[in-house]
Amino acid sequence: MKASQLFFPTLREVPREAELISHQLLLRGGFVRSVAAGIYSYLPLGWRVHEKIAQIVREEVNAFGGQEIHMPVLVPKELLDETGRSAVPVLFGLKDRNQREFFLGFTHEEVVTDIVRSTVHSWKQMPLYLYQIQTKERDEPRPRGGLIRGREFTMFDGYSFDYSEEKLDAIYKANYQAYGNVFRRCGLEHLAVEADPGSIGGSENHEFMVLTENGEDTVLRCDSCTYAANAERGEVPETSSVEAIKPEASESISTPGAHTIEEVCAFLHVEAGHLIKSIICTADGKPVVALVRGDRDLNLPKFARVLGAKSVELADVPTVLRVTGAPMGFAGPVGLAEPSPIYADNELKQGGNYIVGANQADAHLGNVTPGHDFQVTTWGDIRTAVAGDKCPRCDEGHLTDARGIEVGHIFKLGTKYSKDMQALYQSETGEKTPILMGCYGLGVSRTLASAVEAHHDESGIMWPITIAPYEVGIVLTNMKDTSIVDAGVQLYQELKAAGVDALLDDRDERTGVKFKDMELIGIPIQVVVGKGLANGEVEVSMRREKGVRTAVATVELVDHIVALVKAEKSRLM
RNA sequence: CGGAGUGUAGCGCAGUUGGUAGCGCGGGUCGUUUGGGACGAUCAGGCCGCAGGUUCGAAUCCUGUCACUCCGACCA
């Protein structure tokens, strides 16, 4: 491609709307343009990267038997009614001219299961793995970070169909491997972690996280064994040695105006760990009280599992006022105005003589010990795990944390969808049995943005060569010097003929502009055709080794570049 | 949905006590330049997000509304 013909409107300044570095650089480099919140158009460079990532996913999934299909964006409501998912809040809905209801596809379990139930009738037709790479639509409560969380985005979604747990396990593992290969080939440091399955359900699931400095998720890893989990899912093991504390008589403490943990700590000059945080929640509509140590966070999904509740949320203000009989900020387990079940985090079994809210304005209670001053309805693991916690899987390890971006999520669904939708097959013994399913999602657009988050410097993007829009950029330093132009065009054509993805910057711009643009758009290998030509040489440099330039004889350039491209790619195998 | 912020030229921004809008970059044309976002000349470009209101007069004050961003809730 010649840069003079390429549509890549680069920006010198950072658009006001972009906060995240990937968002800034993708806009500045002319990869994408925003249309509305969380909705983007891809320009030529962005789409090339997108398609390179998509192609890598295809290759890896095809390798273990995946078959590509393409399902519609419009999904009739009745299909989602079969599994009850027509009530999912992130759905975009619409009606056709006859008032028939449709939703915009947000994931396609129902659609693919509908295909399979009408076509797969025998165990002999399985295993089957179908996938698509398609635009997904979700009315996210808060789109953010450019391509990181959009309302419209591209997802690879794969679905497996099997007749035995062993087969399901095998394809799940194959997919797990394939995803690892995809991210490795995309040059992304990644980690598969145990995660919350959300409402999609199923028995086993893993998230694939790309590790970046400012990812939106926290992942925890054991420093001793292979345990890794999303912090929101991380288990906290119960400490075996329970330290005996002699409960002292509780006492009222005046804490005027101290609503928050920080304010109470500052006022009383104590550490947050001496406090118990009392959080009023609503579980399936009924008020419950959750207790965690003052320096911990309540984890709502974990709390919901302990409760066995469908939905748990923080109670609204009127409920808090009613349950505690006090203004916000003074809730405690002792003396509730409206007695409610009290769920305490296991950690509170240790220690005692805590400070809690007094359920009265401007007052706390000191020396409060669970079991002594109030009764706990149920103990459980309800706090969010943090770095430093003991590993739940091995004895010696402790957890360390890192930030990551969720780029893939795979689930063993089991028969959840096949039962609801009557997707049955006949087994070897002739029995009608629900198909065992798995589903496998990979965010293509999010992977693209994550790659920028992971690979950039102050000058711009540093694409891994496997997903770069072009592998090599040729800069012609003077468009009026016909020897430079002729030599550059010839090298460009030879490189193309040798199968190298090359971009020739033949624009009538100053050389500085061309260098800046090449760096901004992140072309991995740069060839400068200029002064050295008099000696029969051009200069070659790598984007990731800024400032290092090597003189290469023009006659050797094609071989040199072909070898470089090959070497760069092999780094990512 | 709660909290905070921002909407002025294609982009980034300024605009004083209310007096009808400017700077830089970018764009067109001409010339000089050509190895790190050139220089000079010249031209074009605005419903000051939108709708009301106050006022002789509103980018500026008030009310409402929409959009975008960030924090949180939420996130298949």
Side-chain angles (χ1 to χ4, degrees), chain A residues 9-20 23-24 27-28 30 33-39 80 83-85 87-91 105-110 136-146 148-151 153 155 157 159 195-202 205 207 214 216-217 230 232 281-282 297-298 300-301 311-317 328 406 408-411 413 416-417 439-443 446 459-460 475-481 484-485 505 507-520 526 528-533 538-539 541 546-547 549:
Chain A
T10 57
L11 303 171
R12 294 190 183 207
E13 289 177 280
V14 178
R16 190 202 337 239
E17 72 197 51
E19 185 97 355
L20 219 60
H23 193 193
Q24 293 178 0
L27 287 170
R28 282 191 57 210
R33 277 293 126 102
S34 59
V35 177
I39 301 175
L80 295 182
T83 57
R85 293 211 299 177
V88 165
V90 297
L91 283 171
F106 70 123
T107 174
H108 281 73
E109 282 79 5
E110 287 84 357
K136 295 288 182 278
E137 313 283 347
R138 294 183 190 176
D139 194 1
E140 290 283 349
R142 181 149 102 84
R144 76 185 110 183
I148 295 290
R149 180 174 295 280
R151 293 190 291 174
F153 58 97
M155 187 166 101
D157 45 325
Y159 305 91
D196 192 286
S199 52
I200 202 156
N205 78 101
E207 276 176 351
N214 42 15
E216 59 176 357
D217 289 303
N230 192 316
E232 68 185 24
C281 297
T282 335
D297 287 323
L298 174 66
L300 285 175
S311 82
V312 178
E313 49 199 27
L314 299 181
D316 56 16
V317 173
M328 296 294 287
E406 180 195 344
H409 203 162
I410 62 177
F411 304 82
L413 295 172
K416 183 180 162 77
Y417 290 83
C439 73
Y440 314 87
L442 188 154
R446 195 182 268 189
S459 304
V475 172
L476 304 181
T477 55
N478 188 338
M479 293 305 295
K480 293 223 167 70
D481 185 330
I484 287 177
V485 174
D505 197 342
R507 294 176 299 168
D508 191 14
E509 290 283 353
R510 306 197 110 231
T511 317
V513 172
K514 298 185 183 184
F515 287 151
K516 291 282 186 195
D517 276 345
M518 281 290 178
E519 282 156 19
L520 177 60
Q526 191 180 72
V528 183
V529 183
K531 289 185 295 209
L533 202 60
V538 295
E539 292 154 41
S541 61
K546 217 176 146 193
R549 287 189 177 153

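Labels below follow one simple rule: chain letters A, B, ... track the order of the sequence lines, proteins then strands, and each chain is numbered from 1.
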Asker: What is the distance from CG of A/Leu298 to C1' of B/G72, rounded to the nearest Å?
Answerer: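 For the pair A/Leu298 CG and B/G72 C1', the rounded distance is 15 Å.
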Asker: Hey, does A/Ala36 reach any base, or is it just sugar-phosphate, or nothing, if we go heavy atoms under 4.0 Å?
Answerer: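 Sugar-phosphate, no base atom in range.
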Asker: Would you please test A/His108 and A/Lys136 for side chain to side chain contact (heavy atoms under 4.5 Å, CB included) and show each step?
Answerer: CA-CA 9 Å; A/His108 281 73; A/Lys136 295 288 182 278; 3.5 Å; yes
Asker: If B/C75 has a Watson-Crick or G-U wobble mate with both distances under 3.5 Å, name it; if not, just say none.
Answerer: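 Per the H-bond distance test, none.
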Asker: Give the rounded distance in Å between these two atoms: NE2 of A/His23 and P of B/C11.
Answerer: 14 Å
Asker: Go ahead and name the base partner of B/C70; Watson-Crick or wobble counts if both distances stay under 3.5 Å, otherwise write none.
Answerer: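 B/C70 is paired, partner B/G3.
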Asker: Using the C1' atom on both, measure B/G40 against B/G5 and round to a whole Å.
Answerer: 41 Å
Asker: Whole-Å distance between B/C70 C1' and A/Ile148 CD1?
Answerer: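 It works out to 15 Å between those atoms.
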Asker: What's the separation between atom OG1 in A/Thr107 and atom OH in A/Tyr159, rounded to the nearest 0.5 Å?
Answerer: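 Going from the OG1 atom of A/Thr107 to the OH atom of A/Tyr159 covers 3.5 Å.
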Asker: What integer distance in Å separates A/Glu140:CD from B/C1:C1'?
Answerer: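 In whole Å, B/C1 C1' and A/Glu140 CD are 15 Å from each other.
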Asker: Who does B/C11 pair with, Watson-Crick or G-U, both distances under 3.5 Å?
Answerer: B/G24
Asker: Taking CE from A/Met328 and P from B/G72, how many angstroms apart are they, rounded to a whole number?
Answerer: 18 Å
Asker: In the strands shown, is B/C56 matched to any nucleotide by a Watson-Crick or G-U wobble pair with both distances under 3.5 Å, and which?
Answerer: B/G19
Asker: Considering only atom P, compute the distance from B/C25 to B/G37 and round it to an integer number of Å.
Answerer: 14 Å
Asker: Taking the C1' atom of each, how far is B/A9 from B/C48, in whole Å?
Answerer: 11 Å
Asker: With a 4.5 Å heavy-atom cut-off, do A/Glu406 and A/Asn230 have their side chains touching?
Answerer: no
Asker: If you check the A/Glu13 side chain, which of B/C70, B/C74, B/G24 turns out closest?
Answerer: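 Looking only at heavy atoms from C-beta outward on A/Glu13, the closest nucleotide is B/G24.
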Asker: Got a second to check how far A/Gln526's CD is from A/Asp505's CG, nearest 0.5 Å?
Answerer: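 The CG atom of A/Asp505 is 9.0 Å from CD of A/Gln526, to the nearest 0.5 Å.
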Asker: Does a side chain donor of either A/Thr83 or A/Glu109 reach within less than 3.5 Å of an acceptor in the other side chain?
Answerer: no
Asker: Classify the nucleic acid contact of A/Leu476 as base, sugar-phosphate or nothing, counting any heavy atom under 4.0 Å across all strands shown.
Answerer: nothing
Asker: For atom C1', what is the distance between B/C70 and B/C61, given to the nearest Å?
Answerer: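 Comparing C1' positions in B/C70 and B/C61 gives a spacing of 28 Å.
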Asker: Check for a donor-acceptor pair, side chain of A/Arg151 on one end and backbone N or O of A/Ile39 on the other, with a separation under 3.5 Å.
Answerer: no
Asker: Hey, could you give me the CG/CD distance between A/Asp217 and A/Glu207, rounded to the nearest 0.5 Å?
Answerer: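 Taking CG in A/Asp217 and CD in A/Glu207, the distance rounds to 6.0 Å.
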Asker: In Watson-Crick or G-U wobble terms, both distances under 3.5 Å, what is the partner of B/A51?
Answerer: B/U63
Asker: Using atom C1' of each nucleotide, how far apart are B/U6 and B/C11 to the nearest Å?
Answerer: 16 Å
Asker: In the strands shown, is B/A38 matched to any nucleotide by a Watson-Crick or G-U wobble pair with both distances under 3.5 Å, and which?
Answerer: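 With both distances under 3.5 Å, B/A38 matches B/U32.
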Asker: If the C1' atom of B/U8 is compared with that of B/G49, how far apart are they to the nearest Å?
Answerer: 10 Å
Asker: Tell me the interatomic distance from A/Glu216, atom CD, to B/C74, atom P, rounded to whole angstroms.
Answerer: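 Rounding to the nearest Å, CD of A/Glu216 and P of B/C74 are 14 Å apart.
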Asker: So what does A/Arg16 hit on the nucleic acid, given a heavy-atom distance under 4.0 Å: a base, only sugar-phosphate, or nothing?
Answerer: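 If one applies the 4.0 Å heavy-atom cut-off, A/Arg16 turns out to touch the sugar-phosphate alone, with no base involved.
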Asker: Between A/Arg144 and A/Glu17, which is nearer to the 5' end of RNA chain B once each is assigned its nearest nucleotide?
Answerer: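 Nearest-nucleotide comparison on RNA chain B picks A/Glu17.
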Asker: Output the single nucleotide from B/A73, B/C68, B/C75 whose closest atom is nearest the side chain of A/Arg149.
Answerer: B/C75
Asker: Rounded off to whole Å, could you give me the CD-to-P distance for the A/Glu313 and B/C74 pair?
Answerer: 8 Å
Asker: Can you tell me how far the CG atom of A/Leu442 sits from the CG atom of A/Asp157, to the nearest 0.5 Å?
Answerer: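 That separation rounds to 10.0 Å.
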Asker: Is there a donor-acceptor contact under 3.5 Å linking the side chains of A/Ser541 and A/Glu539?
Answerer: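 Distance-only check fails for A/Ser541 and A/Glu539.
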Asker: Give one of base, sugar-phosphate or nothing for A/Gly145, where a contact means two heavy atoms less than 4.0 Å apart.
Answerer: sugar-phosphate
Asker: What is the distance from atom CZ of A/Arg12 to atom CZ of A/Arg28, rounded to the nearest 0.5 Å?
Answerer: 10.0 Å
Asker: Using a 4.0 Å heavy-atom cut-off to protein, can you give one letter per nucleotide of nucleotides 27-41 of chain B, 5' to 3': B if the base is in contact, S if only the sugar-phosphate is, - if neither?
Answerer: ------BBBBBB---
Asker: Determine the Euclidean distance between corresponding C1' atoms of B/A59 and B/G19; express it in Å to zero decimal places.
Answerer: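 Result for the C1' pair: 13 Å, nearest Å.
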Asker: Tell me which nucleotide, if any, is Watson-Crick or G-U wobble paired with B/G46 when both distances must be under 3.5 Å.
Answerer: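 Partner of B/G46: none.
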Asker: Between B/G26 and B/A44, how many Å separate the two C1' atoms, rounded to a whole number?
Answerer: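 One C1' to the other, the span is 13 Å.
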Asker: Looking for any heavy atom pair under 4.0 Å, which part of the strands does A/Arg138 touch: base, sugar-phosphate only, or nothing?
Answerer: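 Counting heavy atoms under 4.0 Å across all strands, the contact made by A/Arg138 is with sugar-phosphate only.
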Asker: Using whole Å, what does the distance between atom P of nucleotide B/U6 and atom CD of A/Glu19 come to?
Answerer: 14 Å
